[in-house]
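Heads up, the thing below is written out as structure tokens.
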Protein chains: 2
Amino acid sequence: MRIDGEQGARCRECPTRGYCLTNEVLETQLPIVESVFLMSAPLTRGDHLYHAGELADSHFHMRSGVAKTYSINSAGDEFVTGFYLPGEMVGCAQQDGLHTDSAIALETTTVCQLRDEDIGKLTRLGIEANLFKRLSEREYRAAQRQFNLVQDSAEARVAGFFMDLSDRLARLDRYPAVIPLSMSRTDIANYIGLTLATLSRVFAKMTKAGVISASRHEVHILQPADLELIGLHAVS
Amino acid sequence: MRIDGEQGARCRECPTRGYCLTNEVLETQLPIVESVFLMSAPLTRGDHLYHAGELADSHFHMRSGVAKTYSINSAGDEFVTGFYLPGEMVGCAQQDGLHTDSAIALETTTVCQLRDEDIGKLTRLGIEANLFKRLSEREYRAAQRQFNLVQDSAEARVAGFFMDLSDRLARLDRYPAVIPLSMSRTDIANYIGLTLATLSRVFAKMTKAGVISASRHEVHILQPADLELIGLHAVS
DNA sequence: CGTTTGATTGAATCGCCTCAAAGTCTGTGG
DNA sequence: CCACAGACTTTGAGGCGATTCAATCAAACG
């Protein structure tokens, strides 16, 4: 079972208009975009966008809210594979036409669905450049993430996690020093490959050092420079 | 300084024709592809395709050989970010129009260069579907890799590394149980976030267990099922 | 206000890294 | 063809850090 867009997007009212893949499309051509992007009803925390194994004939663009993707391997372990902010694409991980991960809303969220078969309609609007820019950035972020996971210092991983989010918030013109955490500590720990206990210890240590201050649903970056240093602590 | 394609591709003679992004383009339209893909002269081991920081106005498609990408962070540490087989795309990691990693040939290699400005010419040939399929697969593999790095068991990482390569060889219709290793042990260790010493120990252990047999430039997978089990060994 | 879920903290174990030395392979020049 | 130099790889012993397991603590929810 999957969420499907119900109606054409209303781009002019979109809170994420400026950060969309289509943000450079001319006003006069917006109706084309609006007919192709199918806007979902608001999802609430816990609603799935799609499940692993379902037919993947489309992908999604975050319009508002926060989502996470995860997979479950054959041993039954859950792995959180990503968190998604407004403007970002979700549901691209596919194989043989099936979704390889599941996506779930972490708070009230709206998305726009884009069917594969409609992509051609968009490329005629000259968004190829924008699309490639996004994919390149995505690739870059994946490499950054790899960086981060390859180091096995717990502190470096947490620092990298914060910096990535901070950077993506800045991209949305939001204040990069305040990071909202819609996800649980367990999700974060899972995502960066630590145990909950270790993550908690790192939070405590960073707080004590004055680098961050953390509450349950928010982290403030107090010393971004120090955080960056911690994130660089490589192994070899 | 960057390798640039010197002449149009000769797709009909291409050893990787069937695995190219453009493999479904009609024979009659091949000349368009051949005019857009710029084929490089043969690169020898150690030649760079491009360096991090250079202007990224194009990306590359592996035609033959093997390449690796790597970055160097501000602390001076090298990180290997990927290995590339024929048919695969290299040089997509970009930010602000600059390459964020460097790519180097690990053996005699030829590549085709595709300029961003020429992509539009290809989308008119109906390769969008193929392009998206590739990007989705890429996304999927990135997630798999994440899986693998998140587990911090050395054995699981090595197993995952082998399985990924095996899978990609199979995609090229090559025998998936024999994995050629053009890269050094150091590169592999770096790539999967282990030390050379630990990697060596894992090789020894797997060999003793009869799961693989390894020589310097080749690994034979003797027990693929066992290897998969090892790769699943998750943390929690 | 009790219950459940999520987060923190503590003590001991296990595995990877570090440092270091020995061993092997490869290409080169005699 | 052999000897040698250099890079690459394997192997050994000890230390450190993240995990594990468990208990305590805090917060959300009915």
Side-chain angles (χ1 to χ4, degrees), chain A residues 44-46 68 77-80 104 106-107 148-161 179-209 212-219 230 233-236, chain B residues 44-46 68 75 77-80 104 106-108 148-161 180-209 212-219 230-231 233-236:
Chain A
T44 56
R45 179 180 176 84
K68 82 167 185 193
D77 309 304
E78 173 179 335
F79 287 86
V80 175
I104 187 172
L106 294 177
E107 56 183 60
N148 198 245
L149 287 177
V150 156
Q151 1 216 77
D152 39 19
S153 142
E155 270 192 282
R157 290 189 184 190
V158 174
F161 173 72
I179 302 180
L181 302 179
S182 316
M183 66 297 282
S184 67
R185 297 280 195 274
T186 305
D187 279 343
I188 299 175
N190 185 313
Y191 178 60
I192 60 181
L194 299 177
T195 55
L196 177 56
T198 302
L199 180 72
S200 189
R201 279 182 246 271
V202 172
F203 270 59
K205 185 173 175 187
M206 285 184 171
T207 302
K208 190 167 290 175
I212 63 168
S213 72
S215 67
R216 186 179 283 242
H217 291 297
E218 213 172 75
V219 163
I230 295 172
H233 246 298
V235 267
S236 63
Chain B
T44 55
R45 180 179 175 83
K68 82 168 186 193
D77 309 304
E78 173 178 336
F79 288 86
V80 176
I104 188 172
L106 294 178
E107 56 182 57
T108 303
N148 198 243
L149 286 178
V150 155
Q151 357 216 77
D152 39 19
S153 141
E155 268 192 282
R157 289 190 183 190
V158 174
F161 173 72
L181 300 178
S182 318
M183 67 295 281
S184 67
R185 298 279 195 274
T186 306
D187 279 341
I188 299 174
N190 183 314
Y191 178 61
I192 60 181
L194 298 176
T195 55
L196 178 56
T198 302
L199 179 74
S200 187
R201 278 181 246 271
V202 172
F203 270 59
K205 186 173 175 187
M206 285 184 170
T207 301
K208 190 166 293 175
I212 63 169
S213 73
S215 67
R216 185 178 284 238
H217 291 298
E218 212 171 75
V219 163
I230 295 172
H233 245 296
V235 267
S236 63

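In what follows, chains carry the letters A, B, and so on, assigned in the order in which the sequence lines appear, proteins first and then strands, with residues in each chain numbered from 1.
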| query | Roughly, in whole Å, what's the span from CZ in A/Arg45 to C1' in C/dT5? | reply | 12 Å
| remark: Value for OG (A/Ser182) from CZ (A/Arg45), rounded to nearest 0.5 Å, stands at 7.5 Å
| Length of the line joining A/Ile230:CD1 and D/dG17:C1', which is rounded to integer Å | 16 Å
| remark: From CD of A/Gln151 across to P of C/dC17 the rounded distance in Å is 13 Å
| note | Of all heavy-atom pairs linking B/Gly160 and B/Asn148, the shortest is CA-ND2, 3.4 Å
| request: Might you point out which heavy atoms bring A/Ala214 and A/Val219 nearest each other, and give the distance in Å? | output: CB-CG2, 3.9 Å
| Hey, what do you get for CD1 (B/Ile188) to CZ (B/Phe203), rounding to the nearest 0.5 Å? | 4.5 Å
| message | I need a per-nucleotide contact map over nucleotides 6-16 of chain C, read 5' to 3'. Cutoff is protein heavy atoms under 4.0 Å; write B for the base, S for backbone only, - otherwise. | response | SSBBBB----S
| field | Gap separating the NZ atom of A/Lys205 from the CD atom of A/Glu155, nearest 0.5 angstrom | value | 4.0 Å
